[in-house]
Amino acid sequence: MSTDTICAIATAQGGAIGIIRVSGPEAVSITGSIFKPTGSRPLDKQDAYKITFGRIYDGDEVVDEVLVSLFRAPHSYTGEDCTEIACHGSPYILQQVLQLLIGKGCRMAEPGEYTRRAFMNGKMDLSQAEAVADLIASTSAATHRLAMNQMRGGFSKELAGLRDKLLHFTSMIELELDFSEEDVKFADRSALKALAGEIERVITRLAHSFSVGNAIKNGVPVAIIGETNAGKSTLLNVLLNEEKAIVSDIHGTTRDVIEDTVNIGGVTFRFIDTAGIRDTKDTIESLGIERTFRKLDQAEIVLWMVDSSRASSQIAQLSPRILPRCAGKRLIVVFNKCDLINTEEQTSLSALLKDFPEESTAHIFLSARRHTNTDKLQQMLVDAARLPSVTQNDIIVTNVRHYEALTKALDAIRRVQDGLASQISGDFLSQDIRECIFYISDIAGEVTNDMVLRNIFKNFCIGK
Ligand SMILES: Nc1nc2c(c(=O)[nH]1)N(C=O)[C@@H](CNc1ccc(C(=O)N[C@@H](CCC(=O)O)C(=O)O)cc1)CN2
Ligand SMILES: Nc1nc2c(ncn2[C@@H]2O[C@H](COP(=O)(O)OP(=O)(O)OP(=O)(O)O)[C@@H](O)[C@H]2O)c(=O)[nH]1
Ligand SMILES: [K+]
Ligand SMILES: [Mg+2]
């Protein structure tokens with residue numbers, strides 16, 4: 001339990017009412033020291049979950065007429081004693097009341113500190129606390145639904161059950177190690193094998209759901225790649241409808257990743273313009289090109305821009321570097337600058353793609369500079385995105401931290417499966433199981449260290 005009592009304005013500016021939240025061991029006494037109910041009972045004699053009408057005083061002067069709500073530990077959002085002072089929504093009044101509270105011993109809350117305390121006091125697990133921030137930030141039905149699902153319990157409960165079963169097995173295996181001379185087996189290997197299989201399935205499903213969750217939350221990642229001067233930045237600007245990137249006829253104009261989101265036909269896309277790929281001795285440009293390949297790896301849709309007037313050599317040169325990295329992605333080859341070629345030449349260019357994987361590859365002729373066929377490309381993108389619709393009960397991972405922990409847990413459980421198959425000794429098995437438990441626990445915040453917590457809560461708003 002925290003010893004400090006914290007206060008903050010919990011409402012946005014501009015409303016008719018402004019609420020100040022106070023939480024901590026002194027919440028009731030400090031609020032009571034500046035608040036006088038109109039009835040006879042002082043605040044600390046009021047019942048929890050009741051609202052009391054009265055006045056806030058600065059000495060003899062009335063600052064405002066307010067309503068004070070009272071929560072008593074552990075029955076509050078933070079799990080601590082809490083009050084909420086509902087004032088008239090004037091920034092001046094709210095500041096005055098905050099200063100009075102601070103004068104009586106409160107301190108200003110840090111961003112996310114209420115939710116952090118709720119987590120520390122066991123009111124919610126970490127994945128639920130993280131969902132609170134997403135919920136406040138949600139701007140669409142889809143992001144709202146994802147956050148709400150996660151806040152209501154999400155996947156940590158499911159994972160916690162599996163983790164507890166794993167814990168049971170490690171303790172059994174470790175018990176065997178204590179009796180190593182006798183060669184006894186307490187842990188039923190076939191039951192462990194079944195459990196490992198179940199965990200592998202659950203975690204794989206959750207990890208896969210991240211691509212959907214990430215696409216809904218941050219936009220479907222679309223990497224625009226290709227040789228220098230193919231017209232990538234020109235296309236980015238057309239798609240974003242904004243002069244976001246510098247366009248020039250100088251090769252190697254874009255050296256770093258430029259990205260932004262835009263909604264097309266109801267789908268949020270994240271377009272990522274990258275440094276053109278070419279052999280270069282320039283160190284900065286080389287670093288940029290490394291990033292191009294990283295973005296290519298992270299993308300779901302790849303727009304490979306090809307200058308139609310130099311298509312044959314560009315495709316021959318870059319295919320070996322690009323195609324192997326496009327497995328599992330949608331590839332759209334964009335023959336740009338089609339204003340420079342005629343229709344017959346277009347037909348011969350299509351033939352250059354004969355060795356490309358047919359199911360996942362599409363192509364289009366367009367002119368980014370003249371905006372020819374760019375609407376057709378937008379329709380192709382919407383078709384390629386094909387997001388499944390999310391329902392109330394779908395569990396979808398939207399958080400990179402969770403995704404990384406799941407990936408590591410998956411690696412560990414696969415080692416457990418391999419180990420069981422090759423009958424490795426109990427101490428190695430137990431090591432992999434423990435690792436899997438560690439990463440599963442990380443999601444719910446059971447083993448998370450202070451630095452991770454700080455990172456998570458610093459992105460909250462003050463008052464939450
Ligand atoms: N005025 C106000 N509105 C608010 C909040 C708040 O703190 N204050 N919330 C803050 O985000 C959300 C509501 N969340 C809350 C969650 C739990 C408790 C609470 O008192 N829990 C008790 C009792 C639960 C029960 O009766 O079932 C508990 O957990 O023991 C209060 C608010 C949204 N609206
Ligand atoms: N003729 C013609 N020129 C184009 C077209 N699209 C882009 N360009 C020109 O091609 C040149 C390069 O365009 P950019 O958009 O800077 O190319 P880029 O692929 O981003 O180049 P780097 O950032 O250097 O890799 C510019 O002079 C553009 O005006 C097009 O459709 N037709
Ligand atoms: K350029
Ligand atoms: Mg560029």
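Scope of the values below: all heavy atoms of this structure, side chains included, with no hydrogens, waters or symmetry mates. Just follow the structure's listing: the first ligand is 1, and inside any ligand the first atom is 1.
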Q.
Quick check on the Mg ion (ligand 4): does S233 put an N/O/S atom closer than 2.8 Å to it?
A. yes
Q. Quick one: nearest non-hydrogen protein atom to atom 18 (P) of ligand 2, plus distance?
A. K232 N, 3.5 Å
Q | Test of proximity, A368 against ligand 2: N or O pairs below 3.5 Å | A | yes
(Q) As an exercise, identify every atom of ligand 2 less than 4.0 angstrom from a heavy atom of I250. (A) 24 (O)
Q: Decide, yes or no, whether a salt bridge links D307 with K337 under the criterion of side-chain N to carboxylate O below 4.0 Å.
A: yes
Q. Looking at atom 22 (P) of ligand 2, what's its closest protein heavy atom, distance included?
A. N229 N, 3.7 Å
(Q) Suppose I only count heavy atoms of G276 and a 4.0 Å limit; which atoms of ligand 2 are within that range? (A) 25 (O)
**Q.** Heavy-atom pair of closest approach, residues N399 and R401
**A.** OD1-N, 2.8 Å
Q: Measure the distances from the heavy atoms of H251 to every atom of ligand 2 and state whether one is below 4.0 angstrom.
A: yes
Q: Any chance you could measure I289, atom CD1, to I284, atom CD1, to the nearest 0.5 Å?
A: 12.0 Å
**Q.** D134 bridged to K217 by N-O distance under 4.0 Å
**A.** yes
Q) Do V333 and V306 touch side chain to side chain, with heavy atoms closer than 4.5 Å? A) yes
Q. Among all protein non-hydrogen atoms, which one is nearest to atom 12 (C) of ligand 2, and what is the separation to 0.1 Å?
A. S248 O, 3.2 Å
**Q.** Y114: ring-ring contact (aromatic ring centres under 6.0 Å, His included) partners, not counting sequence neighbours
**A.** none
Q) What part of A245, side chain from CB on, backbone N/CA/C/O, both or neither, has a heavy atom under 4.0 Å from ligand 2? A) neither
Q) Nearest to atom 9 (C) of ligand 2, what protein heavy atom do you find, and at what distance? A) R369 NH2, 3.8 Å
Q) Between T204 and E200, is any pair of side-chain heavy atoms under 4.5 Å apart? A) yes
Q) Are E227 and R278 within salt-bridge range, i.e. N to O under 4.0 Å? A) no
Q: May I ask whether L235 places a heavy atom under 4.0 Å from ligand 2?
A: no
(Q) For L166 versus I433, what's the shortest heavy-atom pair and its separation? (A) CD2-CG2, 3.7 Å
Q: Heavy-atom contacts with G252 under 4.0 Å: which atoms of ligand 2 show up? List them by number with element.
A: 24 (O)
Q) In terms of side-chain heavy atoms, does S127 have a donor or acceptor partner in D125 at a distance below 3.5 Å? A) yes
Q: Please report the C-alpha distance between Q379 and D383 in whole Å, then the side-chain angles of each, then the deciding distance to 0.1 Å, and finally whether the side-chain hydrogen bond (donor to acceptor under 3.5 Å, both in side chains) criterion is met.
A: CA-CA 6 Å; Q379 189 52 52; D383 294 341; 3.1 Å; yes
Q: May I ask you to list the atoms of ligand 2 that are less than 4.0 angstrom from any heavy atom of D249?
A: 27 (O)
Q. Short N/O distance, under 3.5 Å, between A230 and ligand 2?
A. yes
Q: Any atoms of ligand 2 less than 4.0 Å from a non-hydrogen atom of S367? List them with their elements.
A: 30 (C), 31 (O), 32 (N)
Q) Would a 4.5 Å heavy-atom cut-off, applied to side chains only, mark R321 and I225 as touching? A) no
(Q) Check E404 with K408, please: is the shortest side-chain N to carboxylate O separation under 4.0 Å? (A) no
Q.
Considering non-hydrogen atoms of the protein only, which is the closest contact for atom 7 (C) of ligand 2, and what is the distance?
A. T234 OG1, 3.3 Å
Q. Which heavy atom of the protein is the closest neighbour of atom 6 (N) of ligand 2, given with residue, atom name and distance?
A. N336 ND2, 3.2 Å
Q) Closest non-hydrogen protein atom to atom 17 (O) of ligand 2, residue and atom name please, with distance? A) G231 N, 3.2 Å
Q: Specify whether an N/O/S atom of T228 falls short of 2.8 Å from the Mg ion (ligand 4).
A: no
Q) How long is the span from the CD1 atom in I440 to the CG atom in L162, to the nearest 0.5 Å? A) 6.5 Å
(Q) Taking 3.4 Å as the distance threshold, tell me the number of protein N/O/S atoms next to the K ion (ligand 3). (A) 4
Q.
For a quick test of reading the model, state the closest non-hydrogen atom pair linking H402 to Q150 and the distance between them.
A. CE1-NE2, 3.5 Å
(Q) For atom 32 (N) of ligand 2, what is the closest protein heavy atom, and at what distance to 0.1 Å? (A) D339 OD1, 2.8 Å
